[in-house]
A.B. asks: 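Structure provided below as structure tokens; questions to follow.
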Amino acid sequence: MNDASIRVVIADDQALLRGGFRILIDSADDLEVVGEAETGREAVEVVRHTRPDVVLMDIRMPELDGLAATREIASDPDLDGVRIVILTTYEVDEYVLQALRAGACGFLGKGMRPAELPEAVRVAARGEALLSPRATRTLITRYLALPDRPPPFVSGGLAELTDREREIVALVAVGLSNDVIAGHLVISRQTVRTHVHRAMAKLRARDRAQLVVMAYQAGLVRPTAATETDGASADRWPGSTGSTGFRAPFGVWEGTRPR
């Protein structure tokens, strides 16, 4: 491994799953597993000891569950910069929303294709959110139904954004990665990142997940009846152009594919 390798900690109470993830991650030249944990408490200790770039965190673990472990890691100023990705049995887990609010940057279904894991780790390390289109749709629906959710975002706040920033925020909101957005708009990934960061600063969004919520609340993107295909591959992360179930009012995203 070289000095620029992305350092990863795997936290899951299933040894077989941890072993499989380790093989996939260590097989990539730019990734390195620096620690494993089978309980939430151990995960916190391993993260504090190894200071990884990315943590793959299971939700259901003994001693301390993944949600509490995520909250503890995210609230520790000494661990600022550690990116936590939640591992779920199903793409949308009942605890995923809480985990995102606790500080996780996104989540992955354990049924992902093997080739998707290394790239997911790279995306998380770059500071991007891991929210697939289908999962984003369900996530936002649940978020807006919470009794203790923040007051609705005032759509007038979007006036601070440029047309390009609104366009990119809408694409972020349907679950597209920076790479896919860059390809669609024929601009560089760095340009996409710059627009996303400026939008987050203007709207005072804590992270991309919160930016997605704001886009939904402001009506920049609205849910529609999705037309699923096989139910397993159409909305797979990352960057699928399958059915998203979202529609952008200003026409950037209509139907199932970007124009």
Side-chain angles (χ1 to χ4, degrees), residues 6-28 31-48 50 52-74 79 81-139 142 175 177 207-209 212 232-233 235-240:
I6 297 172
R7 295 159 52 81
V8 182
V9 163
I10 304 170
D12 195 291
D13 61 347
Q14 298 181 46
L16 183 61
L17 191 59
R18 291 200 311 274
F21 282 178
R22 175 182 277 274
I23 291 173
L24 290 171
I25 292 171
D26 281 343
S27 65
L31 308 179
E32 176 186 11
V33 175
V34 296
E36 294 184 22
E38 62 179 343
T39 71
R41 176 52 57 198
E42 185 179 356
V44 174
E45 294 172 355
V46 170
V47 169
R48 284 176 174 160
T50 61
D53 299 299
V54 177
V55 180
L56 299 178
M57 179 80 74
D58 188 24
I59 284 287
R60 297 175 178 84
M61 291 186 291
E63 292 186 17
L64 188 71
D65 65 28
L67 178 61
T70 294
R71 185 178 297 109
E72 193 165 331
I73 293 170
L79 299 177
V82 174
R83 308 286 293 177
I84 303 173
V85 177
I86 300 300
L87 298 173
T88 67
T89 302
Y90 304 100
E91 190 172 352
V92 181
D93 187 281
E94 61 181 305
Y95 298 117
V96 164
L97 177 56
Q98 297 176 57
L100 290 174
R101 297 174 77 187
C105 71
F107 55 96
L108 290 171
K110 292 182 180 179
M112 77 188 98
R113 292 188 296 265
E116 292 179 330
L117 181 61
E119 182 57 22
V121 172
R122 296 184 188 103
V123 169
R126 290 197 298 263
E128 297 182 31
L130 290 171
L131 297 171
S132 75
R134 186 194 321 162
T136 300
R137 179 173 63 249
T138 305
L139 173 69
R142 291 184 178 183
S177 68
D207 51 33
R208 284 173 71 116
V212 169
S233 61
D235 290 332
R236 273 196 182 276
W237 182 93
S240 168

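Any value given below was found using the heavy atoms of this structure, including those in side chains, with hydrogens, waters and symmetry copies removed. We count residues from 1, following the sequence as given.
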A.B. asks: To the nearest 0.5 Å, what is the distance between CG (Leu56) and CG (Leu117)?
C.D. replies: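 Result: 6.0 Å between the selected atoms.
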A.B. asks: Identify the heavy atoms of Pro114 and Pro118 that sit nearest to each other, and give their distance.
C.D. replies: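 Heavy-atom minimum between the residues: O-CD, 3.4 Å.
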A.B. asks: How long is the gap from CG on Leu64 to CD on Glu72, to the nearest 0.5 Å?
C.D. replies: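 Answer rounded to 0.5 Å: 6.0 Å.
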A.B. asks: In Å and rounded to the nearest 0.5 Å, what is the CZ to CG distance from Arg18 to Leu87?
C.D. replies: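 If I round to the nearest 0.5 Å, the distance is 12.0 Å.
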A.B. asks: If you round to the nearest 0.5 Å, how far is CD1 of Ile6 from CD of Glu32?
C.D. replies: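 Separation between the atoms: 11.0 Å.
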A.B. asks: Considering non-hydrogen atoms only, spot the tightest contact between Glu42 and Thr39 and give its length.
C.D. replies: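 Where Glu42 meets Thr39 most closely, the heavy atoms are N-OG1, 3.0 Å.
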A.B. asks: Can you tell me how far apart CE (Met57) and CD1 (Ile10) are? Round to the nearest 0.5 Å.
C.D. replies: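 Met57 CE to Ile10 CD1: 12.0 Å, rounded to 0.5 Å.
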A.B. asks: With respect to Gln14, which candidate in Lys110, Arg60, Met61 satisfies the side chain to side chain contact (heavy atoms under 4.5 Å, CB included) definition?
C.D. replies: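 Considering Lys110, Arg60, Met61, a side chain to side chain contact (heavy atoms under 4.5 Å, CB included) with Gln14 is found only for Lys110.
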A.B. asks: So, Asp58 side chain and Gly66 main chain: donor-acceptor pair closer than 3.5 Å or not?
C.D. replies: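 Not confirmed, Asp58 side chain does not pair with Gly66 backbone.
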A.B. asks: Which atom pair, heavy atoms only, marks the closest approach of Ala120 to Leu108?
C.D. replies: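 Looking at all heavy atoms of both residues, the shortest contact is CB-CD1, 3.6 Å.
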A.B. asks: Okay, side chain of Asp53, backbone of Arg7: is any donor-acceptor separation there less than 3.5 Å?
C.D. replies: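 Between the backbone of Arg7 and the side chain of Asp53 there is a qualifying donor-acceptor contact (under 3.5 Å).
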A.B. asks: Quick one: closest heavy-atom pair of Val55 and Pro52, and the distance?
C.D. replies: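 That closest heavy-atom pairing would be CG2-CG, 3.9 Å.
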A.B. asks: CZ/Arg41 to CD/Glu45 distance, rounded to the nearest 0.5 angstrom?
C.D. replies: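 The distance works out to 6.5 Å.
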A.B. asks: Counting distance only, does the side-chain N/O of Arg83 pair as donor-acceptor with the main-chain N or O of Ala125 below 3.5 Å?
C.D. replies: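 Flag not set: sc Arg83 to bb Ala125 has no pair under 3.5 Å.
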A.B. asks: Can we say Arg122 and Glu119 salt-bridge, meaning some charged N sits less than 4.0 Å from an Asp/Glu carboxylate O?
C.D. replies: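 Yes, this pair counts.
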A.B. asks: Side-chain contact test, heavy atoms from C-beta onward, threshold under 4.5 Å: evaluate it for Val82 versus Val9 and give yes or no.
C.D. replies: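 Counting from C-beta outward, Val82 and Val9 never come under 4.5 Å.
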A.B. asks: For Ala69 versus Gly40, what's the shortest heavy-atom pair and its separation?
C.D. replies: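 In this case the closest contact between Ala69 and Gly40 is CB-O, 3.7 Å.
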A.B. asks: For a side chain to side chain contact (heavy atoms under 4.5 Å, CB included) with Phe107, tell me which candidate from Ile86, Ile59, Ile84 qualifies.
C.D. replies: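 Testing each of Ile86, Ile59, Ile84 against Phe107, the sole residue satisfying side chain to side chain contact (heavy atoms under 4.5 Å, CB included) is Ile86.
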A.B. asks: On a heavy-atom basis, which atom in Ala37 and which in Val46 lie closest, and how many Å separate them?
C.D. replies: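 Scanning both residues, the minimum pair turns out to be CB-CG2, 4.4 Å.
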A.B. asks: Checking side chain to side chain contact (heavy atoms under 4.5 Å, CB included) between Val85 and each of Val121, Val54, Val8, which is the one that passes?
C.D. replies: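 It is Val54, the one option of Val121, Val54, Val8 that forms the side chain to side chain contact (heavy atoms under 4.5 Å, CB included) with Val85.
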